[in-house]
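All values reported here derive from a predicted model rather than from experimental measurement. Count residues from 1 along the sequence.
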Amino acid sequence: MSQTKPKKAVALRYREGIDNAPVVTAKGKGKVAEEILKKAQEYGVPVQEDPSLVEVLSHLDLEQEIPPKLYRLIAEVLSFIYRTDAKARLNEKRHEP
C-alpha cells in the first residue's frame with residue numbers, strides 16, 4: 001500500500017513600497033495546507049502549484065522575507081500572478097453591461 005505525502009502550502013505576501021521582498025505569511029501541510037488553499041480560493045488569490053518551490057519555501061520562518069537566492073523562482077510566481085490578474089480583469093470587462 002502506497003502512502004501519499006500530505007499536501008503542503010506556503011502563502012506569500014508582497015506589499016510594494018513596504019516589503020523589500022515577498023514574505024512568508026502562512027505555511028503548513030495536510031489540513032493546514034488545505035485551509036490555506038481554501039482561503040486563497042475564497043479571496044480570489046491566485047495559486048501556483050509547484051511542489052519543489054513549496055518545499056524550499058516551507059523551510060523559511062513565518063514573516064521571513066525570501067532570501068535573494070530565491071528571487072528568480074519567486075519572480076516566476078509573481079509573473080504568473082500578474083498574468084492571471086490581467087486575464088481576470090479582461091474577463092470582467094467583457095462581462096460588464
Side-chain angles (χ1 to χ4, degrees):
M1 172 160 59
S2 69
Q3 287 187 329
T4 59
K5 288 183 175 182
K7 180 172 263 191
K8 290 184 178 182
V10 176
L12 299 176
R13 171 195 75 219
Y14 178 72
R15 298 172 297 184
E16 189 173 348
I18 297 172
D19 296 320
N20 294 318
V23 174
V24 175
T25 58
K27 63 181 185 172
K29 62 182 177 179
K31 291 190 183 284
V32 173
E34 291 172 16
E35 189 62 27
I36 291 168
L37 295 170
K38 179 180 168 189
K39 289 292 183 189
Q41 183 178 13
E42 284 177 21
Y43 289 95
V45 175
V47 174
Q48 171 71 30
E49 293 192 36
D50 185 331
S52 58
L53 180 57
V54 169
E55 186 62 38
V56 170
L57 293 175
S58 68
H59 294 287
L60 300 177
D61 294 327
L62 291 176
E63 297 302 318
Q64 180 180 351
E65 288 184 352
I66 64 158
K69 66 182 178 183
L70 296 179
Y71 284 2
R72 176 170 284 187
L73 291 171
I74 298 305
E76 291 174 15
V77 172
L78 291 176
S79 175
F80 163 80
I81 290 169
Y82 293 138
R83 286 192 312 271
T84 302
D85 284 349
K87 287 179 187 175
R89 284 193 300 273
L90 182 60
N91 285 336
E92 286 175 6
K93 286 185 179 185
R94 287 182 182 161
H95 293 97
E96 287 179 355

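Within a 6.0 Å sphere centred on CD of Q41, other residues, nucleotides and ligands contribute 12 heavy atoms or fewer. For R15, the CZ atom sits in a packed shell: over 12 heavy atoms of surrounding residues, nucleotides or ligands are nearer than 6.0 Å. Summarising the local packing, CD of E49 is surrounded by 12 or fewer heavy atoms from other residues, nucleotides or ligands at distances under 6.0 Å.
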(message) Assess the residue pair K27 and L62 against the criterion (side-chain contact (heavy atoms from CB on, under 4.5 Å)); give the C-alpha distance rounded to whole Å, side-chain angles, the decisive distance to 0.1 Å, and a yes or no.
(response) CA-CA 8 Å; K27 63 181 185 172; L62 291 176; 4.0 Å; yes
(request) Assess whether side-chain contact (heavy atoms from CB on, under 4.5 Å) is satisfied between V10 and L53, documenting all intermediate values. (result) CA-CA 9 Å; V10 176; L53 180 57; over 6 Å; no
(request) Would you please test Q64 and H59 for side-chain contact (heavy atoms from CB on, under 4.5 Å) and show each step? (result) CA-CA 10 Å; Q64 180 180 351; H59 294 287; over 6 Å; no
(request) May I have the step-by-step check of salt bridge (charged side-chain N to carboxylate O under 4.0 Å, His left out) for K29 and E55, ending in yes or no? (result) CA-CA 10 Å; K29 62 182 177 179; E55 186 62 38; over 6 Å; no
(request) Would you please test L37 and K7 for side-chain contact (heavy atoms from CB on, under 4.5 Å) and show each step? (result) CA-CA 10 Å; L37 295 170; K7 180 172 263 191; 3.5 Å; yes
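Atom CZ in R72 sits 13.0 Å away from atom CD1 in I74 (nearest 0.5 Å).
Side-chain heavy atoms closer than 4.5 Å link hydrophobic residues (I, L, V, M, F, W, Y) into clusters, and following such links, even through other members, never connects V47 to V54. Put simply, Y14 and I66 are part of two different groups of oily side chains (I, L, V, M, F, W, Y) that touch within less than 4.5 Å, one to the next. Side-chain heavy atoms closer than 4.5 Å link hydrophobic residues (I, L, V, M, F, W, Y) into clusters, and following such links, even through other members, never connects V23 to L57.
Taking 4.0 Å as the cut-off between side-chain N and carboxylate O, E34 and K31 do not count as a salt-bridged pair.
Side-chain contact between P67 and L60: present, with at least one pair of heavy atoms (C-beta onward) separated by less than 4.5 Å. The closest side-chain heavy-atom distance from L73 to V56 is not below 4.5 Å.
A33 approaches G28 most closely through the heavy-atom pair CB-O, 3.5 Å.
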